[in-house]
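A short worksheet on the structure shown next.
All chains are named by letter (A, B, ...) in the order of the sequence lines, taking the proteins before the strands, and each is independently numbered beginning at 1. None of these values were measured; they are calculated from a predicted model.
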2 protein chains.
Amino acid sequence: MAKKVTIYDIAREAGVGIGTVSRVLNNNPSVAPETRNRISEVAKRLSYQPHTYAQRLARQQSETISAVIPFFTSYFFMEVLRGVQEKVSEFGYDLVLYGVEHADQAENYVAKALQRGKVDGILFFSMKMPDRVLSMLKESNLPVGLVDSVSPSFDSISVANAEGAYAATSHLVELGHRKVGMLNARSVSTPATERLQGFRRALEQQGIPYSDSLVKCGKSTRHDGFNRDSGYEAMMDFIAMGSEMPNAFFISSDIQAFGAIAALNEKGFRIPEDIAIVGFDDIELARLMRLTTMRQPMFQMGVLAIERLVSRMSNPDMEILHTTFSPTLIVRESCGAFMSSEGMPSTKSRLR
Amino acid sequence: MAKKVTIYDIAREAGVGIGTVSRVLNNNPSVAPETRNRISEVAKRLSYQPHTYAQRLARQQSETISAVIPFFTSYFFMEVLRGVQEKVSEFGYDLVLYGVEHADQAENYVAKALQRGKVDGILFFSMKMPDRVLSMLKESNLPVGLVDSVSPSFDSISVANAEGAYAATSHLVELGHRKVGMLNARSVSTPATERLQGFRRALEQQGIPYSDSLVKCGKSTRHDGFNRDSGYEAMMDFIAMGSEMPNAFFISSDIQAFGAIAALNEKGFRIPEDIAIVGFDDIELARLMRLTTMRQPMFQMGVLAIERLVSRMSNPDMEILHTTFSPTLIVRESCGAFMSSEGMPSTKSRLR
DNA sequence: ACGTTTTGCGGAAACGCTTCCAACGTTAAA
DNA sequence: TTTAACGTTGGAAGCGTTTCCGCAAAACGT
C-alpha cells in the first residue's frame with residue numbers, strides 16, 4: 001500500500017496544527033493566505049490523499065449515490081445507466097450499483113442503506129415496491145428518486161407507457177391492419193401492464209374488439225419477460241393460431257421483437273410483407289434491424305434522474321417533481337409503412 | 001434519517017461492554033454462548049445496522065472492488081460486467097464503476113484509488129496503461145486484475161485475439177476464398193492489433209500475399225472503432241475498390257459486421273452468395289442475424305476476473321496467473337459454409 | 001489446597017478526519 | 001488608553017468501529 005500520509009504529517013511538516021490543515025484542505029476561508037500556501041504546497045509535495053472513509057465518518061455523509069436496478073444487463077438499463085454514470089461523476093459522487101432480482105431484495109437493501117451515512121441518495125429503477133418499504137423510505141428522509149416507476153411521495157422520471165403503446169398500436173391500425181396482436185412482457189412489471197392498457201385503448205378507440213387471445217407473453221421470465229426468448233415463444237404461440245393469427249403486432253420491447261422476428265423467419269413469414277411489427281425502446285439494434293419502434297430517451301432519463309436527485313439532496317424541501325417523457329414513434333421498415341406508402345417493399349429490408 | 005443505533009446502545013441494553021458486542025457481531029468465538037445470544041437478540045430488536053464507513057476505517061479495508069472500464073455501454077463489456085456483478089455480490093463486496101474515456105483518465109483515477117482503504121481491489125478493462133501507471137500500481141501492492149489486456153506483473157484474463165483472427169480467416173480461406181480482407185478497429189486498441197496479426201499470419205500460412213490495402217478501418221472513433229458506423233464506413237471503402245474488392249471479410253467485431261452488412265445491402269451485395277463474412281465476439285444479436293463469428297466467453301471472463309481478484313486479495317503472494325481463453329468459431333450463415341457444403345443457400349438467411 | 005491455565009469480558013486506544021471552542025495577537029472603535 | 005471585535009490558530013472531542021491489553025473468575029493440574 002502506498003504509505004499513508006495523514007493530515008498530521010502535513011501539520012508537522014508545515015509547522016501548524018491539524019485544524020488548520022483541515023481548513024486548508026476544505027477551502028475554509030479563515031486561514032491566512034500565506035499559511036494556506038505553505039500548507040497546500042506541503043500537501044502536494046507529500047502527495048497527500050484524504051482518506052475517504054474517515055472523511056465520511058467525520059462528516060456524517062457518504063458522497064455516494066446508489067442505484068438499485070433489477071437487471072442492469074438489459075439494453076434499456078444500460079442506456080439509462082450511461083446517463084446516470086455521466087452525471088454522477090460530473091457531480092463528484094461515487095456510484096454504487098445494486099443488482100437485485102425482485103422488489104423484496106430491494107427491501108433488504110433499503111434497510112442497509114438507511115443507516116445514516118451509508119448513501120446520500122438512492123435511485124430505484126423500475127421497481128414496484130410494497131407500501132411498507134415506501135413509507136420506511138419516506139420517514140427515513142433519505143433523498144430518493146424513482147426511474148421508470150411512480151409514487152406520489154418521491155420524485156420520479158418515467159415514460160408514458162400507455163400513451164406510447166397507444167401510439168404504436170394506432171400506427172399499425174392506421175396502416176390498415178385490423179387484426180393486431182400484442183406481445184407483452186410479464187404483468188408483474190408495471191410498464192408491461194401500462195403498455196397493455198394503451199394497446200387496449202387504441203383498439204377500442206378504433207372500434208376493434210379486444211380479446212385476451214390478442215395478447216401473449218412467452219414463458220421466459222428473465223428480465224420480467226423483456227427478453228428475446230419470451231418474444232420468440234410468444235410469437236410461436238401466435239403462429240400456432242393458424243388463420244386466426246393477427247398480421248400486425250405491437251411488441252412491448254425491441255428485444256422481444258427480435259425474438260419474434262426470429263420465430264417469424266423460421267416459419268417463413270416475411271416482414272413487413274406478411275406481418276407488420278412495431279417495438280418499444282429504440283435500442284441501438286433497432287436501428288440496425290430497421291425496426292419501427294417507440295423511442296424512449298433513455299440516456300436523458302438517466303441524466304435527469306441524477307440532476308433531480310442531487311438537487312433534492314441539497315434542498316430536501318423542494319417540492320416533489322414528476323417528469324414523464326413521451327415516447328416518440330420512429331418509423332422504419334418493420335411496420336410496412338414505406339411499403340404501403342410507396343407502393344412497394346423497400347429493397348433494403350434487413351428483416352428476414 | 002433513521003435514528004442511529006450504535007454498539008454502545010446495544011452494550012448498554014444488554015449490560016455488557018462494547019468489545020463484547022463487537023465480538024458477537026463479528027462472530028469472534030471467544031464469547032460465552034449465553035452472552036452471545038442475549039446480545040444478538042438485542043441487536044435484532046434495535047435493528048442495528050453497522051456503520052460501514054466506521055468499520056472500514058477501523059478495519060483499514062473497504063470491502064469494495066472497483067472496475068475501470070473504457071465504455072461500459074458496449075455489448076462486449078455489458079456481457080462481461082454481468083459476470084462481474086454476479087460474483088461481486090456473491091462475495092459480498094461493493095462494486096464501484098468508473099467509466100473512463102482514455103487511459104490517462106484511468107491514471108487519474110488510480111491516484112485516487114491508491115489511498116489506502118479506498119478500494120480493496122481494482123479491475124482494469126481493455127486498458128493499455130503507460131508503464132508509469134503500471135509501476136505505481138505495482139508498488140502500491142493493491143490487488144489488480146486485468147481483463148482483456150495483459151501485463152507481466154498482474155493477473156490477467158484475456159482472449160487469444162491473434163489465434164481467433166487466425167481461425168476466422170483460415171475458415172474463410174478453407175471455404176475457397178482467396179481474396180479476403182479485414183475490417184479492423186483502431187490500432188490504439190490492443191485487441192485490434194492482435195487480431196490484425198492473426199489475420200496476416202493466416203494469410204501468409206495459406207500462401208496468400210498480404211497487402212495493406214486488404215485491411216481498412218472506418219473513421220468513427222467511438223469505442224476505439226468497435227462500432228457500427230466504423231464497419232459501415234470501412235465496407236464502403238472496400239466497395240469503392242470495385243473489382244479489386246475482396247469477396248470475403250474477417251471483421252474484428254460483430255457490431256462492425258452489422259454496419260458492414262448494412263453497407264453491403266445498400267449496394268446490392270448478397271450475403272453470403274456474393275460476400276462472405278465472419279465477425280468476432282458473438283454478441284446476442286449475432287445469433288439472430290445468423291452471423292458466423294468467433295465466440296468469446298464474456299460472461300465467464302467476468303466471473304473469473306472476480307474470482308481471481310478475490311483470491312489475490314486474500315492471498316497477495318499468490319503467483320501471478322494469466323488466463324487466455326481461446327475464442328471458438330461459431331459457424332452460422334454469413335460465411336457461406338452451409339451454402340458451399342450443402343450446395344445451396346439456406347432459405348432462412350436473415351442477412352439481407 | 002494452591003499454583004497455573006483458560007475462558008470471558010471490559011474498555012482504552014486507534015483509525016483519519018471535521019468541527020467546535022478557547023486563546024492569541026491585532027486592529028478598530030470609543 | 002481602554003475595550004471590543006476580529007482574524008487566525010491549535011488542538012480536543014467526536015464520528016462508530018475493531019482490536020489489543022489486562023483482569024477476574026473459572027477450570028485445571030498436582
Worksheet item: Residues two or more places apart in sequence or in another chain: which of them pass side-chain hydrogen bond (donor to acceptor under 3.5 Å, both in side chains) with A:Thr323?
Response: A:Arg308
Discussion item. How long is the straight-line distance from CZ of A:Arg23 back to CG of A:Leu25, given to the nearest 0.5 Å?
Written reply: 11.5 Å
Item to complete: State which residues pass side-chain hydrogen bond (donor to acceptor under 3.5 Å, both in side chains) with A:Ser126; sequence neighbours excluded, sorted by chain then number.
Response: A:Asp148
Discussion item. Report for the helix from C:dA1-D:dT30 to C:dA30-D:dT1: angle between first-end and last-end helix axes, five pairs each, rounded to 10 degrees.
Written reply: 40°
Response to the item:
Taken in chain and number order and not counting sequence neighbours, the residues that satisfy side-chain contact (heavy atoms from CB on, under 4.5 Å) with B:Ser153 are B:Lys138, B:Ser151
Fill in: Whole-Å gap separating P (C:dT18) and CG (B:Leu57)
12 Å
Response to the item:
Sequence neighbours excluded, the answer for side-chain contact (heavy atoms from CB on, under 4.5 Å) partners of A:Thr324 is A:Ser158, A:Ala160
Discussion item. Strictly under 4.0 angstrom, non-hydrogen atoms only: write out the protein contact profile of nucleotides 19-24 of chain C, one letter per nucleotide from the 5' end, B, S or -.
Written reply: BB----
Worksheet item: Reckon A:Thr20 has a side-chain N or O less than 4.0 Å from the OP1 or OP2 of D:dG10?
Response: yes
Would you tabulate the side-chain donor-acceptor contacts of residues 31-42 of chain B under 3.5 Å, counting partners in other chains and residues two or more places apart, or write 'none'?
from    : atom 1 : to      : atom 2 : distance (Å)
B:Arg36 : NH2    : B:Asn28 : O      : 2.7
B:Arg38 : NH1    : B:Ala14 : O      : 2.3
B:Ser40 : OG     : B:Arg36 : O      : 2.7

Worksheet entry | B:Phe125 vs B:Val84 side-chain heavy atoms within contact, under 4.5 Å | yes
Discussion item. Applying side-chain contact (heavy atoms from CB on, under 4.5 Å) to A:Tyr48 and A:Asp9, what does each step give before you reach the verdict?
Written reply: CA-CA 9 Å; A:Tyr48 167 79; A:Asp9 299 317; over 6 Å; no
Discussion item. If I take atom CZ in residue B:Arg12 and atom P in nucleotide C:dG10, what distance separates them, rounded to the nearest angstrom?
Written reply: 15 Å
Item to complete: Check the distance between D:dG10's P and A:Ile7's CD1 and give it to me in whole angstrom.
Response: 12 Å
Practice prompt. Would you kindly give the CG-to-P distance between A:Asn28 and D:dT8, to the nearest whole Å?
Written response: 11 Å
Response to the item:
Contacts of A:Tyr48 and B:Val16 projected onto DNA chain C by closest heavy atom; the upstream (5') one is B:Val16
Item to complete: Please report, rounded to the nearest Å, how far the C1' atom of D:dG14 is from the NE2 atom of B:His51.
Response: 13 Å
Set out, line by line, the N/O atom pairs under 3.5 Å between protein and nucleotides 4-6 of chain C.
none

Item to complete: Would you jot down, in residue-number order, the residues of residues 34-47 of chain B having a non-hydrogen atom under 4.0 Å from DNA chain C?
Response: B:Thr35
Worksheet item: Taking only residues two or more places apart in sequence, or in another chain, which ones meet A:Glu86 in a salt bridge (charged side-chain N to carboxylate O under 4.0 Å, His left out)?
Response: none
Practice prompt. Would you indicate, yes or no, if D:dG16 has its OP1 or OP2 atom less than 4.0 angstrom from a side-chain nitrogen or oxygen of B:Gln55?
Written response: no
Worksheet item: What integer distance in Å separates B:Gln60:CD from C:dA13:P?
Response: 19 Å
Discussion item. Suppose we screen for side-chain hydrogen bond (donor to acceptor under 3.5 Å, both in side chains). Which residues come up paired with A:Asn227, at least two apart in sequence or across chains?
Written reply: none
Item to complete: Calculate the interatomic distance between A:Asn27 atom CG and C:dT18 atom C1'; express it in whole Å.
Response: 14 Å
Worksheet, complete the sentence: Between the CG atom in A:Leu57 and the CG atom in B:Leu57, the distance rounded to the nearest 0.5 Å is 6.0 Å
Discussion item. Distance check needed: C:dA14 P versus A:Lys4 NZ, whole Å only.
Written reply: 11 Å
Worksheet item: Of A:Tyr8 and A:Gly15, whose closest DNA chain D nucleotide lies nearer the 5' terminus?
Response: A:Gly15
Worksheet item: Roughly how far, to the nearest 0.5 Å, is the OH atom of A:Tyr93 from the CD1 atom of A:Ile306?
Response: 10.0 Å
Worksheet item: Are B:Asn26 and B:Arg59 close enough that some pair of their side-chain heavy atoms sits under 4.5 Å apart?
Response: yes
Item to complete: Kindly write out the residues that satisfy side-chain contact (heavy atoms from CB on, under 4.5 Å) with B:Thr64, not counting sequence neighbours, or none if the list is empty.
Response: A:Tyr53, B:Arg56, B:Ser62, B:Asp94, B:Val96, B:Val119
